[in-house]
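One structure is given here, and the rest of the page talks about it.
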Amino acid sequence: MPSQSHLSSDHQLKIPWLPILATEHRSWVIQALQVSEATAGELVCRVGAEPTHWIGVLEGLVKMSGFAANGRTVTFAGFPSGGWFGEGTILKGESYRYEIQVLQPGLLARLPVTVFHRLLEESIEFNRFLMRQFNERLGQFIAYKAAEQTLGVEEQLARALCTLFDPVLYPAAAPVLRITQQELAYLVGTSRQQINQALGLLREAGAAEAAYGGVRLLDYQCLRNVGTRG
DNA sequence: CCATTAAACACCC
DNA sequence: GGGTGTTTAATGG
């Protein structure tokens with residue numbers, strides 16, 4: 001078990017829903033949140049386990065994945081810094097149906113489900129945040145389903161990268177996203193070769209390019225355009 | 001039959 | 001040591 005600590009003011013800045021809470025609610029949360037380091041490859045949620053916390057990424061990158069009928073690995077979503085996940089499982093009172101694994105090491109924050117439920121009961125602002133998150137995610141999945149049928153690997157990759165390079169959370173810097181081409185292949189549902197080729201096309205388009213062990217964003221707007229054409 | 005993919009390999013960070 | 005690019009043999013539409 002990794003060592004846990006409480007929330008520093010530096011960490012607080014990396015939680016997008018914290019500022020919107022009323023001060024009273026915010027003080028419970030800050031007291032209840034636990035921060036721990038996440039190492040690459042670490043399994044954050046196991047299939048079948050009961051959720052005890054709502055979990056967020058302060059730094060690093062985490063994936064939600066499972067296996068297809070033929071045994072192939074399928075990644076359903078990637079959560080970058082600022083991402084929070086597992087609320088659906090908590091709300092339904094179920095156990096995890098997919099596994100959550102760390103791709104890029106970093107920091108995770110955990111909010112006990114009891115506090116989660118209390119916020120749900122008492123904070124309009126928290127409900128608003130969750131509703132926005134559900135709405136965005138639903139839109140993403142519908143768009144993803146549409147893209148799956150109609151678009152090529154280049155467009156699908158552009159979409160996947162757009163969700164990982166969140167412009168709201170990274171307004172200034174043009175960071176290199178640390179993710180292997182194999183993981184991108186799991187995410188898009190194709191092979192490593194296809195990803196490599198698509199990265200070449202994205203470079204020609206001026207949207208993004210392959211960096212060692214990751215992808216460098218060149219032009220977010222351009223990446224969006226590639227992902228929405230068709 | 002052609003395209004795609006997984007596996008194996010050798011380089012490079 | 002792990003990620004990448006490339007080759008090759010198998011696989012599947």
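Each chain gets a letter, A, B and so on, in the order the sequences are listed, and its residues count up from 1.
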Review point. Apart from Leu201(A) itself, which Ile, Leu, Val, Met, Phe, Trp or Tyr residues share its cluster (side-chain heavy atoms under 4.5 Å, direct or through members)?
Key: none
Check your understanding: Taking only N and O in the side chain of Thr180(A), is any of them less than 4.0 Å away from OP1 or OP2 of dG2(C)?
Key -> no
Check your understanding: Just by modelled atom types, is the His25(A) backbone N or O under 3.5 Å from a matching donor or acceptor in the Glu125(A) side chain?
Key -> no
Point to revise | Members sharing Ile142(A)'s hydrophobic cluster (side chains within less than 4.5 Å) | key: Leu138(A)
Check your understanding: Counting side-chain heavy atoms from CB outward, which of dG5(C), dA6(B), dG3(C) is closest to Gln181(A)?
Key -> dG5(C)
Review point. Rounding to a whole Å, what distance do you find between Gln193(A):CD and dT11(C):P?
Key: 16 Å
Check your understanding: Contacts to DNA chain B from residues 195-206 of chain A, heavy-atom cutoff under 4.0 Å, which residues?
Key -> none
Check your understanding: Starting at CZ of Arg192(A) and ending at P of dG5(C), how long is that distance when rounded to a whole Å?
Key -> 8 Å
Check your understanding: For the pair made of CZ in Arg72(A) and P in dT11(C), what is the distance, rounded to whole Å?
Key -> 15 Å
**Study point:** Presence of donor-acceptor pair under 3.5 Å, side chain of Tyr212(A) and base of dG2(C)
**Key:** yes
Exercise for review: Classify the angle between the aromatic ring planes of Trp84(A) and Trp54(A) as parallel (below 30°), tilted (30 to 60°) or perpendicular (above 60°).
Suggested key: tilted
Practice item. Could you please name the option among dA6(B), dT4(B), dG2(C) that lies closest to any side-chain atom of Gln194(A)? Key: dT4(B)
Review point. What closest approach, in Å, do Lys14(A) and Leu58(A) show between heavy atoms, and which atom pair accounts for it?
Key: CD-O, 3.6 Å
Review point. Just wondering, do Val153(A) and Gln197(A) contact through their side chains at under 4.5 Å, heavy atoms?
Key: no
Check your understanding: Starting at CG of Leu177(A) and ending at C1' of dG3(C), how long is that distance when rounded to a whole Å?
Key -> 15 Å
Check your understanding: Roughly how many Å is it from CG in Leu103(A) to P in dG3(C), rounded to a whole number?
Key -> 10 Å
